[in-house]
A.B. asks: 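This structure is in structure tokens; I'll ask about it shortly.
Positions are given from 1 along the sequence. Just so you know, ligand 1 is whichever comes first in the structure, and atom 1 is the first atom listed for that ligand. The structure presented is a predicted model; accordingly, all values stated were derived computationally and were not measured.
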Amino acid sequence: GVADIGVTGLAVMGSNLARNFARHGHKVAVHNRTYARTERLVSEHGDEGTFVPSESVEDFVASLAKPRVALIMVKAGGPTDAVIDELAEYMEPGDIIVDGGNSHFPDTIRRERELKEKGLHFVGMGVSGGEEGALNGPSIMPGGTKESYDRLGPMLEAISAHVDGVPCATYVGTDGAGHFVKMVHNGIEYADMQLIAEAYDLLRQGLGASAAEIGKIFEEWNAGDLESFLIEISADVLQHTDPQTGQAFVDVVLDQAEQKGTGRWTVQNALDLGVPITGIAEATFARALSGSVPQREAARAALPGDAGTWDVTDRDAFIEDVRLALYASKVVAYSQGFDQIAAASAEYGWNIDRGAMARIWRGGCIIRARFLNRITEAYERQADLPLLLADPYFTEAVGNGVAAWRRVVSQAALNGVPTPAFASSLSYYDGIRAARLPAALIQAQRDFFGAHTYHRVDQEGVFHTLWSGDRSEEKQS
Ligand code: NDP
């Protein structure tokens, strides 16, 4: 075989990645279950580089230079398993199968285990940036063996997005680490989008500003600490007018947010690991609430608001308060996401470099933002930082915004504007920094009804009070 790499699954993501490899001078073997797609790719884009098309999986594998690298870009789930099995049939020990689809990381762990028995390397690879990223430079998060990265890494780094000349691709960790990190990336994306939506709602309701005016405010924010792809596109969307009605586009879109499931996976995993990712969870539930149509109808008809009428007196001060509250809430959401990466890394033995993750998210992906540099710097200062929020830069950034944050969240509550992500992030902030939490009462309740025992603040050991007896205390160990 002659091809440096092969891509099977030539829908939009696979074709665009294949073209990206070809444009970087790699000979790319291409294959698709339905051959017509392969032919279309070669006829429409054959002049962009060297493609080696095959009609059968056997020929596709034979067209690859050894050790072979085959990238699968098909529908996640059953189809990915089917394609892996077909490829494995023709591949030899030392060859590398890469899954660049949106697979759930436990599937990746299982597949890696199964292929290792056949002597094959399996790389679960997170790819972010959608079709445009796939063609022009995505953010790439590969897992699998380090050895496979030696072969694959240079090609991935070449086709990835670059920021300040640094590629947005790096080795993440063994087996499912890459897909795990991509999952958390998507969870953070949910939080980021929800926070921006809440900021928009606050400005709209607090100021009575038009969508387009808020778009302009976001444009200004995009010149500062909040600079990011999501703020940029939000500014654009808010200034877009619906050609049919002449209304603000955002006002003609049905207010029910859908989801494909990666936010849910992130929250499920956080529950398994016991990591409080409240920002991502609230964002995921906010989408679910928006889609709860019969419940919303019933509630609209029945529930009183008893809210005040929002009367913002100092417009500029309010806008600045919302900006600061947004930044602080965003820092909390990211801090929680990086906490989850740390917990998973310890649980699954991945040894993930969190600073490197922030670095490869600076370009190509949906959450790309200036602010990610700050995260990389924080982990460079201290690789095992227990809490991103506690890094001196973030302590100061959030500290500067706390008063504004409290004003915004309390005013929103008084005026009946829902801010699930802003409010829960502020609660998290106050909870994680509290000298003492009411968890003491919960532990006492647990001891009362279930003899679940407790620790004391003043003595070592495990204790139980004989609640239904004479209420004496037993030391259990
Ligand atoms: P789709 O998810 O729509 O999948 C279509 C491709 O899968 C076609 O090539 C199709 O072949 C192939 N396929 C489906 N079932 C089988 C099967 N049983 N055996 C063999 N091939 C099969 O394509 P996309 O390009 O949208 O996405 C590819 C992957 O990338 C997915 O896992 C998706 O989740 C992920 N993705 C990632 C994005 C990102 O931003 N990172 C964005 C979009 C997708 P055929 O032509 O014969 O039907």
Side-chain angles (χ1 to χ4, degrees), residues 6-21 28-42 44-45 53-61 70-90 97-105 107-108 111 122-143 156 159-161 168-169 172 176 178-190 192-193 229-230 233 258-266 360-361 363-368:
V7 180
T8 180
L10 300 174
V12 59
M13 290 297 290
S15 327
N16 282 359
L17 283 171
R19 291 169 61 195
N20 193 346
F21 281 118
V28 187
V30 284
H31 171 267
N32 191 68
R33 177 180 61 177
T34 313
Y35 189 56
R37 272 200 212 269
T38 313
E39 289 179 310
R40 197 177 327 138
L41 170 65
V42 175
E44 286 174 9
H45 304 286
S54 293
E55 205 165 342
S56 72
V57 174
E58 187 173 5
D59 290 347
F60 170 68
V61 172
L71 167 59
I72 303 173
M73 289 306 297
V74 305
K75 270 196 201 325
T80 300
D81 280 309
V83 174
I84 289 172
D85 288 347
E86 276 184 286
L87 286 173
E89 211 176 298
Y90 302 107
I97 297 178
V98 186
D99 170 22
N102 275 331
S103 297
H104 196 192
F105 78 93
D107 288 334
T108 305
R111 289 166 181 155
F122 181 66
V123 176
M125 180 172 96
V127 181
S128 178
E131 47 185 288
E132 144 73 29
L135 184 62
N136 297 315
S139 174
I140 312 180
M141 297 151 254
L156 297 180
I159 68 151
S160 74
C168 294
V172 179
H179 275 136
F180 178 86
V181 162
K182 168 71 197 307
M183 177 191 80
V184 175
H185 163 284
N186 284 26
I188 291 175
E189 176 185 311
Y190 274 49
D192 225 338
M193 291 168 73
F229 173 69
L230 283 170
I233 64 164
E258 296 172 2
Q259 47 185 314
K260 287 208 285 192
T262 40
R264 185 174 65 233
W265 289 345
T266 313
I360 63 171
W361 290 346
C365 66
I366 306 299
I367 64 171
R368 58 184 183 263

A.B. asks: Any idea which residues sit under 4.0 Å from ligand 1, heavy-atom distances?
C.D. replies: G9, L10, A11, V12, M13, N32, R33, T34, R37, M73, V74, K75, A76, P79, V83, G101, N102, V127, G129, G130, K182
A.B. asks: Using side-chain hydrogen bond (donor to acceptor under 3.5 Å, both in side chains) as the criterion, list what pairs up with H104, not counting sequence neighbours.
C.D. replies: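 Per chain and number, H104 pairs via side-chain hydrogen bond (donor to acceptor under 3.5 Å, both in side chains) with no residue.
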A.B. asks: Going by side-chain contact (heavy atoms from CB on, under 4.5 Å), name the residues that satisfy it together with D81, two or more places apart in sequence or in a different chain.
C.D. replies: R110, R111
A.B. asks: Contact between T108 and F180 at the side-chain level, heavy atoms closer than 4.5 Å - yes or no?
C.D. replies: no
A.B. asks: Looking at CD1 of I72 and CG of D99, how far apart are the two atoms once the value is rounded to the nearest 0.5 Å?
C.D. replies: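 CG of D99 is found 6.0 Å from CD1 of I72.
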A.B. asks: Only distances under 3.5 Å count here; give the side-chain donor-acceptor pairs of residues 123-132 to other protein atoms, sequence neighbours excluded, each with its distance to 0.1 Å.
C.D. replies:
from, atom 1, to, atom 2, distance (Å)
S128, OG, H185, NE2, 3.4
E132, OE1, N136, ND2, 3.3
E132, OE2, N136, ND2, 3.4

A.B. asks: Does H31 reach the side chain of V61, with side-chain heavy atoms less than 4.5 Å apart?
C.D. replies: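 Answer no - side chains too far apart.
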